[in-house]
Amino acid sequence: MDKRGSRRKKAARAQRAQRAEADGQHEPGRFWRWTKRLFVWGAALALVGALFLAIAVGFAARSLPSFYQLKATQNAQTIVVRARDGTEIVELGPSYGKWLSHDEIPQVMKDAMIAVEDRRFYSHPGVDPYGLTRAVYVWATGEDRLGATSTITQQLARNVFLNSNRSLDRKLREAVLAMALEWKFSKEQILELYLNKVYFGGGAYGIDSASRKFFSHPANELSVGEAAIIAGLVKAPSRYSPTADVDAAVGRASVVLRLMKEQNFIPQDATVDPSEVRLKEEAAQNSVRYFTDWALPQLDLLLPETFEPIEVWTTLDVGMQRAATAAVQSNVPEGSQGALVSLDRDGAILALVGGTDYVETNYNRATNALRQPGSSWKLFVYLAALEAGYTPEDRVVDTPVTIGGWSPRNSTGRNIGETDLRTAFAYSVNTVAAQLGNEVGFGSVASMARRFGISTPINTYPAMVLGSNEVRLLDMTRAFAAVSNKGASVEPYGIVKVTTADGETLYEHKKSRSTQLVPDHVAAGMTDLLQAAVQTGTGRAAQIGRPVAGKTGTTSSNKDGYFVGFSSGITTGVWMGRDDNKRVGGLQGGAAPAKAFAAFMRYAVKDRPVEEFETELKLPEWQLEEDDEYFFGSPDDYYYIDEQGNLIEPGRPPEGPDGQLPFPVDGERPQPVPTDPTRPPLREQPPVRGQPGRGADGAPQAIGDDFLDRATGRNEQRQPERPRQ
């Protein structure tokens, strides 16, 4: 058994060896058999993949919006801001320009874009197989990374439907959508959509927007060189933008022109120098953004919700804005900041500068910063005093004073004694302002400030009369503008109207209802004081060769410098200081701020007629206290009744008990002696005209007591008879 089994095993091994030898002899046939199998399976898989791809593309095509829906699609709102003369000062948000149909787009623009972005555009189905194969080969050989192979159709799909990440999933979806676009739309429609929607940098979407932004004319007027510059932007808009780097833009355009020649879009001997293309001069948008940052948020209140492109017409004067920026930058102390606001007589903001450089810091110090106004706050102190009956000629006394433990000092460190109200204001005498505030009431001063538009919190401590409350420059300028407006309120505004791109008016500013804040004579008296401050006082640096009224302000340790004033209907406020509230050496309201005011105002009023201020006081009757002689003439010309009821013949004035006239014929009395000889009064009492006499009971009398006693029968009960006064 053992021998027989051993023979069987040997025979089996021999058979296997023979079969192996036979297989080796037929190896080529086996290779082709496996190759055929792989081809069949690969073809089957490719067919299944193609089927799935076709289904995916078909479903994607069915879900795509229509051509007209894609034309109307806009991702964000475009806002064009215009100055008061209609010139464009800034464009915010994406700009889509005018939609150009395929026939309206210049052929040179289409050729330039195809040459640089997709030379086989008219032959591929949305994805370029040759370009894709070449990119994969380059990547597989290790010569470079897998480069971008996006066709114009793929770029359109990405811009409209997808984002810009580099994931494989996004690339696959981009390819499907590109083929769906090719399935649903013609090549002409795809190119029209692409050229009207692709991003060219600087917020410009579409060739018309890019042409207007960079060359100041519509896209249907593009030259070969201009078309080359625009086509070259697609690769890297921020790098090749003409407004960012002209040399880079021109260099990229040269590449586009070379490709156009290679593809026979332009003659080989064509000579186009892109450097000769005249680019649009970019308007300075630095300080203008302070204004737009303040004005444009108001659109949320002025307009209903809308996403269509709009144009905002503003009050800003481009020339004045440049002058304001230059005035601040050239006068602000080193290391400091400055702000300026200028209002027209109706409240229109003509210029607004919120800092020395918007790019460096966009914080708006003209509308948002809270700083102490210093002595410019005395505007409200003196307004309250004038309303209480003071006049610029009234005599006041500059003397040391203590109010509630607070003892103000003058900047000069001395007191000048008796003076008038006009001089005290012109030289910003602190002790007089303190006494005035104490007399009229610090609450009255706070109420006056609130009445004139101060919107920040106001304390009523005695030191408030010297400007210890923090305010906004815009509010202070508004208050001075109301004085310039003869005491009538002024409401600052910056937006005149808002229209759609087609010219439909969505909003139009209506004149605000004006309120008389103080009587005319108070505004005239305040203007008198403000004019004196510029003519002879602390604001002399603000003189511009025509009438100017204004007030300086300097805080303790020279942390803030203020000057606010007006001339020829324009009111301007200037502030300077440091953001960290540190001391600025030599900063005074009558120095740098007043000089900046003068530099700006010389330009602002150059085309306006010279206007003299109305400072003549037309006091109300209660303050004039006119006597009867004012109305009836001299006593020598008429019969009249004296204060005791007696008929007086012409030419015979009544006599007092001592034979003297009870008061001078002209109606004036001598000044009363102060009750406290150690402290003189703030001002001498004004003359009192026609004050009636008084009887023994102290009450004014129209007729004598004896006549009244006889008329009432009281003379019989009174013994002895009361002598006549």
Side-chain angles (χ1 to χ4, degrees), residues 320 323-324 327-328 331 338-345 347-353 366 371 373-383 392 422 425-428 449 452-454 467 471-487 490 492 523-554 560-576 587-606 608 610-615:
M320 292 188 190
V328 170
N331 288 283
L340 183 149
V341 179
S342 186
L343 305 178
D344 209 341
R345 61 176 82 248
I349 294 184
L350 302 174
L352 191 153
V353 178
R371 304 299 291 247
S375 290
S376 60
W377 180 269
K378 291 174 183 175
L379 173 80
F380 309 116
V381 179
Y382 280 78
L383 279 171
R422 183 181 293 108
F425 183 84
Y427 290 94
S428 200
F452 272 73
I454 300 301
V471 297
R472 297 181 178 89
L473 177 61
L474 179 60
D475 287 349
M476 285 296 292
T477 308
R478 173 188 182 184
F480 277 75
V483 176
S484 173
N485 200 31
K486 302 179 182 179
V490 172
M526 194 69 244
T527 304
D528 184 342
L529 300 179
L530 291 168
Q531 186 176 24
V534 176
Q535 288 178 335
T536 62
T538 58
R540 291 188 296 274
Q543 296 176 5
I544 60 174
R546 63 170 66 196
V548 176
K551 185 70 182 76
T552 60
T554 308
D560 300 275
Y562 250 85
F563 187 88
V564 191
F566 49 86
S567 177
S568 299
I570 296 179
T571 304
T572 300
V574 179
W575 166 86
M576 291 182 182
L587 177 61
Q588 295 177 337
K595 292 178 181 178
F597 170 91
F600 167 76
M601 289 293 285
R602 288 190 188 97
Y603 177 88
V605 303
K606 64 182 179 64
R608 296 197 175 200
V610 176
E611 296 182 15
E612 299 291 339
F613 296 127
E614 296 183 11
T615 58

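Excluded from the calculations below are hydrogen atoms, water molecules and symmetry mates; all remaining heavy atoms, backbone and side chain alike, are included.
- Legend: residues meeting side chain to side chain contact (heavy atoms under 4.5 Å, CB included) with Lys486, ordered by chain and number and at least two apart, are Glu614.
- In this structure a side-chain-to-backbone donor-acceptor pair under 3.5 Å is missing from Asn485 to Ala481.
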For residues 563-573, dump all side-chain donor-acceptor pairs below 3.5 Å to protein atoms at least two apart in sequence or in another chain.
unit_1: Ser567; atom_1: OG; unit_2: Pro547; atom_2: O; d: 2.7
unit_1: Ser568; atom_1: OG; unit_2: Arg546; atom_2: NH1; d: 2.7
unit_1: Ser568; atom_1: OG; unit_2: Pro609; atom_2: O; d: 3.4
unit_1: Thr572; atom_1: OG1; unit_2: Ser342; atom_2: OG; d: 3.0

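- To the nearest 0.5 Å, atom CE of residue Met601 and atom CG of residue Leu340 are 9.5 Å apart.
- To the nearest 0.5 Å, atoms OG1 (Thr536) and CZ (Arg422) are separated by 9.0 Å.
- Closest heavy-atom contact between Ala541 and Ala598: O-CB, 3.7 Å.
- Remark: Gln543 pairs with Val534, Arg540 by the side chain to side chain contact (heavy atoms under 4.5 Å, CB included) rule, at least two apart or across chains.
- Scanning all heavy atoms of the two residues, the minimum distance from Arg472 to Tyr562 falls at C-OH, 4.0 Å.
- Between Val574 and Phe600, every side-chain heavy-atom pair lies at or beyond the 4.5 Å cut-off.
- Here the shortest heavy-atom pairing between Leu587 and Ala592 reads CD1-CB, 4.5 Å.
- Not counting sequence neighbours, the partners of Ser375 by the side chain to side chain contact (heavy atoms under 4.5 Å, CB included) test are Lys378, Ser428, Asn430, Lys551.
- Taken to the nearest 0.5 Å, the CG atom of Asp560 stands 9.0 Å off from the OG1 atom of Thr554.
- Among residues two or more places apart in sequence or in another chain, the side chain to side chain donor-acceptor pair (under 3.5 Å) test is passed with Asp475 by Ser455.
- We find the NZ-CE distance between Lys595 and Met576 to be 10.0 Å, quoted to the nearest 0.5 Å.
- Between the CG atom in Leu379 and the CZ atom in Phe452 there is a gap of 7.0 Å [rounded to 0.5 Å].
- Residues Pro392 and Leu529 come closest through the heavy atom pair CB-CD2, 3.9 Å.
- Take Arg345 and apply the salt bridge (Lys or Arg N to Asp or Glu O under 4.0 Å) test, not counting sequence neighbours, and it matches Glu611.
- With sequence neighbours excluded, the residues satisfying side chain to side chain donor-acceptor pair (under 3.5 Å) with Arg608 are Asp344.
- Not counting sequence neighbours, the partners of Ala449 by the side chain to side chain contact (heavy atoms under 4.5 Å, CB included) test are Trp377, Phe380, Ile454, Ile458.
- Proximity of Asp528 to Phe613: side-chain heavy atoms (C-beta onward) are nowhere separated by under 4.5 Å.
- Closest of all the heavy-atom pairs between Asn331 and Ala596 is ND2-CA, 3.7 Å.
- Annotation: the span from Thr477 atom OG1 to Trp575 atom CH2 amounts to 13.0 Å, rounded to 0.5 Å.
- Residues Gly347 and Val490 come closest through the heavy atom pair CA-CG1, 3.4 Å.
- For the ring pair (Phe, Tyr, Trp, His ring centres under 6.0 Å) test, no residue two or more places apart in sequence or in another chain qualifies with Phe480.
- For Arg478, the side chain to side chain donor-acceptor pair (under 3.5 Å) partners at least two apart in sequence or on another chain are Glu491.
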